[in-house]
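Before any comments, here is the structure.
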Amino acid sequence: CATVLAGCVFSSVSAADMTVGFSQIGSESGWRAAETTVTKQEAEKRGIDLKFADAQQKQENQIKALRSFIAQGVDAIFVAPVVATGWDEVLGEAKDAEIPVILLDRTVDADKSLYMTAVTSDLVHEGNVAGKWLVDTTAGKPCNVVELQGTTGSSPAIDRKKGFEEALKGHDNLKIVRSQTGDFTRTKGKEVMESFLKAENGGKNICALYAHNDDMAVGAIQAIKEAGLKPGTDILVVSIDAVPDIFQAMAAGEANATVELTPNMAGPAFDALAAFKKDGKEPPKWIQTESKLYTQADEPQKVYEAKKGLGY
Ligand code: GZL
């Protein structure tokens, strides 16, 4: 800064002066817990004062938190919106208060002028990658699929279903015979998989499980084993997130594939915010994070060792 003192003096609202309110959904999955840990680490790195609010997966708690952040006059709001609808009013209040809002890992059905940017993966693409893996793996063989959907009305549940179904189009050997929400949790994933197994001849009619996240898949794997079947062989298992525990299951031959979702949505969000605060530069409306397929061929035990402890 020594050489461009003027620029520094006028342009750098140093991060240390910034307060950001973060409305987090809850801790429904290992991935969600990692996102919280990483967001706090990213704030710490930048000297940002992060006000954290856990909504216990209830939208009304998120709306209350946003109103509280607005009343406190925070410099910006981050929100991971539990469901896609019902945000217009409170986002309008943030806009009126001239507080920029950044969406993390999920999107909302609201006018794009109501938020600065959304930092998310391509959720449709994730479902598509999972579906394509199953198409390739079954190679035309008849295969009844059961699906554990994410939280009803959330953008990942809607988009991951859409992408998966698109991949299966034209491959009539693959049929989704049961599809129900497991709310992104292990407990519910196990419960719903138990009902699928009972309804499908003890699981003998089921060839594959597609779970919208690894936590539901891990719960379902337990149910499959308790039904006396081998997950990963009797019933193929494909899911999304790439949390450490799914790699442990893969290493044991009990899961087959996962699509990686980075828990670090906050890094790009903080960077976009800093650029905006520095010189008013608006980011694009979507900052997309990468998605990568992992299978049993990718040395899952090694990946598990590398990932565990990264906030999960
Ligand atoms: C997806 C994210 C999902 C994760 C789940 O972007 O919103 O929420 O896939 C989490 O693990 O519950």
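In each ligand, atom 1 is the first atom listed, and ligand 1 is the first ligand listed.
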Given Ile176 and Phe164, is the side-chain contact (heavy atoms from CB on, under 4.5 Å) satisfied, shown in steps?
CA-CA 10 Å; Ile176 301 173; Phe164 187 77; 3.9 Å; yes

I'd like to check the side-chain contact (heavy atoms from CB on, under 4.5 Å) partners of Ala84; sequence neighbours left out, ordered by chain and number.
Asp109

Would you call the rings of Phe22 and Phe78 parallel, tilted or perpendicular, taking 30° and 60° as the class edges?
perpendicular

Which one of Ile77, Thr107, Leu103 satisfies the side-chain contact (heavy atoms from CB on, under 4.5 Å) criterion with Tyr115?
Leu103

Protein residues having a heavy atom less than 4.0 Å from any atom of ligand 1:
Glu28, Ser29, Trp31, Arg32, Asp105, Arg106, Leu123, Pro156, Arg160, Phe184, Asn213, Asp241, Leu261

Once you round to the nearest 0.5 Å, how far does CG of Asn144 lie from CD1 of Ile206?
8.0 Å

Mark yes when over 12 heavy atoms from residues, nucleotides or ligands other than Glu89 sit less than 6.0 Å from its CD; otherwise mark no.
no

